[in-house]
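For clarity, every value in this text was computed on a predicted model and none was experimentally measured. Here is how names work: the chains are called A, B, and so on, in the same order as the sequence lines, proteins then strands, and each is numbered from 1.
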Amino acid sequence: MQNRFARSAAAAIFAVFMISSLTLAQRGAPVAGPPHDPHDLGGIWLAAGGGARSTGPQPDARGFLTDGGLMTEWGSSSPLTPAGLKAVNANISGKGPRGVAPVYANDPIGDANPPGLLRELVYGRPFQLIHTPDKVVQIFEWTRVWREIWTEREMPQDIDRFWGRWLGYSVGKWDGNTFVVDTVGLDARAWLDMYGDPFSDQLRLTERWRRLDRDRLELVLNINDPGTYTKPWSTVPKIFRLQPKGSANGELQEVIFAPMDEKDFNDKIRDPAGKP
Amino acid sequence: MGQKTKRNRISLCLIVIGLAAVSMVAFAHHGTAISYDQDQQITLQGTITEFVWRNPHAQLWVDVTEGQYKGQNFAIEMNSPAVMLRWGWTRSSMKPGDEITVKVHPSKTGRPVGECLNCVVDIKGKPTLKPTDNAGNQ
């Protein structure tokens with residue numbers, strides 16, 4: 001009995017400690033741990049656990065919330081516009097709540113098209129951040145692409161010249177210890193996530209990156225897309241963990257989806273597996 | 001209701017929530033998981049005819065010598081090479097002619113196709129191939 005009490009007490013103390021740490025971290029208070037420069041995001045990072053999940057309202061079987069929003073891989077969205085709902089129905093994914101056998105889906109990446117920035121960010125593969133004097137470079141292992149986040153300039157007024165980019169055009173600046181990245185020009189043929197949740201070419205994306213401690217990096221997005229969602233919404237925080245040099249994920253692999261390989265896989269595995 | 005029963009119920013709830021979370025994550029990252037029967041695993045025995053070490057997912061082809069697919073060339077969808085590389089596997093971990101035993105989730109269509117993402121492969125005369133927990137999501 002005493003052992004049982006001791007175990008319960010220890011669990012309670014641990015839970016209080018974890019909650020306190022998370023609360024402090026979210027408020028930006030200093031967190032104990034090894035020293036680090038909060039303005040240095042350099043290193044290889046990997047999502048800790050699975051995709052971000054909301055603990056709020058629960059969706060129906062098709063991923064819709066009662067207010068007309070969606071439960072995305074990024075958490076719960078604001079309600080869809082009529083055009084947004086049309087886009088949801090047009091995107092047929094091989095995964096998630098509305099998923100069908102991939103042979104019947106129209107996921108762009110099924111034919112080795114680029115996933116686009118939002119799917120790169122939410123997918124559980126490592127990426128590297130590198131600081132240079134005029135930009136932060138983010139290299140994604142998945143599809144082996146990179147983006148530049150310009151740090152020495154403001155977002156230009158004429159953003160139309162950046163239209164149609166799979167990874168967008170990004171400008172970043174520090175707000176205290178948070179690196180705020182403004183992105184425009186994202187090609188809306190890409191999806192918000194692997195479930196086929198959509199965005200439009202009116203999307204103005206804001207990323208807020210914050211190093212919680214030496215080993216953890218937090219990302220929160222603000223999705224401002226009047227073409228798809230009735231009001232801007234913020235994602236649940238996604239946490240990435242620093243991958244030490246010499247560890248399994250401490251070096252990026254080459255992950256390129258050559259169309260000839262994708263076709264071979266589709267013809268021999270994906271399609272026979274899903275089509276009688 | 002006794003304290004013990006109450007504690008057991010709370011524990012059970014926590015376990016159910018945990019399992020639900022884990023299964024959601026697992027579901028989310030499976031390449032073509034919807035096409036396979038995730039509630040069923042079948043054991044295949046046979047001889048490797050081809051091991052394709054390419055994206056998006058490695059392919060393992062086996063001439064089946066036992067069971068319901070006996071006499072058929074069975075295609076197995078494996079994980080992506082980058083993940084398997086982090087487990088310590090390479091393109092030469094398996095070769096045509098190797099006699100293996102492997103458990104797969106069969107295709108819902110009944111065709112000789114199956115899925116084995118976090119795969120354990122017993123190879124006659126060689127060490128068993130296993131995943132490790134040091135790779136990212138597939």
Residue A/Ile256 versus chain B: region with a heavy atom under 4.5 Å: backbone

Cation over ring face, A/Arg98 and A/Phe64, 6.0 Å, 45°: yes

A/Tyr229: ring pair (Phe, Tyr, Trp, His ring centres under 6.0 Å) partners, not counting sequence neighbours: A/Trp233

A/Glu73 versus A/Tyr123, side-chain donor and acceptor atoms under 3.5 Å: no

Donor-acceptor contact present, side-chain A/Glu207 to main-chain A/Leu205, <3.5 Å: no

Full working for ring pair (Phe, Tyr, Trp, His ring centres under 6.0 Å) between A/Phe127 and A/Trp209: CA-CA 14 Å; A/Phe127 60 79; A/Trp209 296 88; 5.8 Å; yes

Any pair counted as side chain to side chain donor-acceptor pair (under 3.5 Å), so long as it reaches residues 95-106 of chain B, sequence neighbours left out: B/Asp98-B/Lys126

Segment of A/Val100 engaging chain B (4.5 angstrom heavy-atom cut-off): backbone

Residue, of B/Pro56, B/Ser107, B/Pro106, B/Gly114, that accumulates the most heavy atom pairs under 4.5 Å with chain A: B/Pro56

Per-residue contacts, residues 264-276 of chain A versus chain B, heavy atoms under 4.5 Å: A/Asp264, A/Phe265, A/Lys268, A/Ile269, A/Arg270, A/Pro272, A/Ala273, A/Gly274, A/Lys275, A/Pro276

Between B/Thr128 and B/Asp122: side-chain donor-acceptor atoms closer than 3.5 Å: yes

Residue B/Ile76 versus chain A: region with a heavy atom under 4.5 Å: backbone

Contact list for residues 136-146 of chain A, test salt bridge (Lys or Arg N to Asp or Glu O under 4.0 Å), sequence neighbours left out: A/Arg125-A/Glu141, A/Glu141-B/Arg86

